[in-house]
Amino acid sequence: MSQSTRSFDSAKGPDEPFDINVDDATFARLGRWTREYGDIIPIQPDQRKSAAFVLNHPDPIRHVLIGNHKNYAKGVGFERVKMLLGNGIIVSDGDFWRSQRRMIQPAFHRKIIAAQASMMVRCNQAKLADWRKKAEQGQTVNLTEEMSELSLEVVLRSLFSDDLDALMDAEGANPFAMLVEDVTRDLKLAMKFRALTRLVAAMMAKRREESRIEHDFLSLLMETRDKDTAQPMSDKALIDEVMTIIVAGHETTAGTLNWAWYLLSQHSDVECALHAEVDAIAGDGPGFDDLPALRYTRQIIDESLRLYPPVWLFSSKAIHLDVLPTPDGPVEIPAGADLFLCPYLLHRDPRFWDEADGFNPSRFSDSSNRERNRDVYFPFSLGSRRCIGEFFSLVDMQLHLGLLARHLTLQHVPGKPVDIEPHINLRARHSIQMLPILRTS
Ligand code: HEM
């Protein structure tokens, strides 16, 4: 250890033994502790065995996610996710994760997402037609639920194309809708969701039997080969990845759109600027080629992700002892330590953001982006485990806001308090109700 390296024992943290989880108790404590203590906060475990630390500064976070990422595995708190996803890439580690990620990555290439944009537009046009009707009838919408349904549909169509319609016909309804209807993510839901793997297996078998290759994620995953071994994924691994994409891909996007619409309903100046931008799009767009012109729309999404990052807390496990950089000098952490990273709190830290709790999409202008420490903003994580679906979701969200905001505004209907529920994802505790209003009326 160099002379200036501090042992973790010298870092200050709370006396109370506590196991960090994705829940209200952790959310409340982390808010307090990150204000009271330093850049690396030791937390004494309660039931768990390993030492735990909250990283409260972009320097150690960058080190863990990028600089020395090889020393880190997925952390604790994934038990419930594992029940849902088996060994999909969001939970797997080591050589298996590396090989799977390499095989899946080409499916998320820009060209493939561009080709999926017309499907996203179709889904959003159907939503527009529905909200138009509701606007005409003065009917409110349950925004939280509808964003969840819509994001689920987009992700399912990106995976299964029109096989989704055949599946819904055969099953009488969308069998994956349980993810929208039951947000508990408990063991019962996990078992019901895992039972759906048989439907995915049947779809794969049918495509093989018909030698049919579609332009969707399922076919891309079936066709992909490991660069070194030239082998495909096993069916079990493939199905786990499909289930991973469904879960990881829908709730995150849904949550972001839910908060984005709510924030817009509370900030008429931002909404006006959005309208000016979307009204300038020619024809009945936007489509994929219009996205560069939707710069401010993208900033609204970035700012919504800053204030309400769906993955508000995640963790990494140190394989070997490590020394983490902080502005006050390096701090040593032991092998086996659980490190917790909280985008929600860093995104609202007044050390890094002016008026940190305010909604101001202009802070994501190109010039402000250049000036900012880029590691204080990480809604999609950073480094090699960065979200594989980032571009997909940004395209989806920009197209959604771009199209819907051309025709409608959403007016918040007061009711239950608008409050955060910090579970695996950062959700709205109570569904947000909105009244759609036609802009042309
Ligand atoms: C607003 C939208 C989204 C946000 C904020 C988001 C955020 C994240 C974050 C923070 C991680 C890292 C989690 C960790 O390390 O524990 C992650 C990983 C991942 N995300 Fe996303 N995500 C979004 C949308 C999507 C979409 C649309 C898909 C798929 C269609 C997707 C698929 C994945 C996968 C497969 C991983 C695991 C990557 C790996 O470990 O190699 N995500 N996402």
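Note that ligands are numbered from 1 as they come in the structure, with each ligand's atoms numbered from 1 the same way. In this chain, numbering begins with 1 at the start of the sequence shown.
- Looking at Thr256 next to ligand 1, no N or O pair under 3.5 Å apart turns up.
- Lys192 is linked by a salt bridge (Lys or Arg N to Asp or Glu O under 4.0 Å) to nothing, counting only residues two or more places apart in sequence or in another chain.
- Applying the 4.0 Å criterion to heavy atoms of Met397 picks out, from ligand 1, the atoms 1 (C).
- For Phe217, the ring-ring contact (aromatic ring centres under 6.0 Å, His included) partners at least two apart in sequence or on another chain are Phe108, Phe392.
- In terms of polar-atom proximity, Thr253 is not counted as a contact of ligand 1, lacking any N or O under 3.5 Å from an N or O of the ligand.
- Shown here for Met147 and Ala254, the closest heavy-atom pair between the two residues is O-CB, 3.4 Å.
- The heavy atom nearest to atom 36 (C) of ligand 1, out of those in Ile246, Ile90, Asp93, Val154, is found in Ile90.
- In this structure, His423 NE2 and Glu421 CD are separated by 4.0 Å, a value rounded to the nearest 0.5 Å.
- Distances from atom 33 (C) of ligand 1 to the heavy atoms of Ala248, Ala107, Gly383 show the closest one on Ala248.
- In the candidate list Arg385, Lys74, Arg101, Gln105, Lys74 is nearest to atom 15 (O) of ligand 1, counting heavy atoms.
- Of all the listed residues (Ser316, Gly88, Cys387), Cys387 holds the heavy atom that lies closest to atom 18 (C) of ligand 1.
- The distance from ligand 1 to the heavy atoms of Val311 drops below 4.0 Å at these ligand atoms: 7 (C), 8 (C), 9 (C), 10 (C).
- Contact check for Leu339 versus Tyr72: side-chain heavy atoms found under the 4.5 Å cut-off.
- For the atom pair CZ (Phe96) and CG (Asn87), the distance works out to 5.0 Å, reported to the nearest 0.5 Å.
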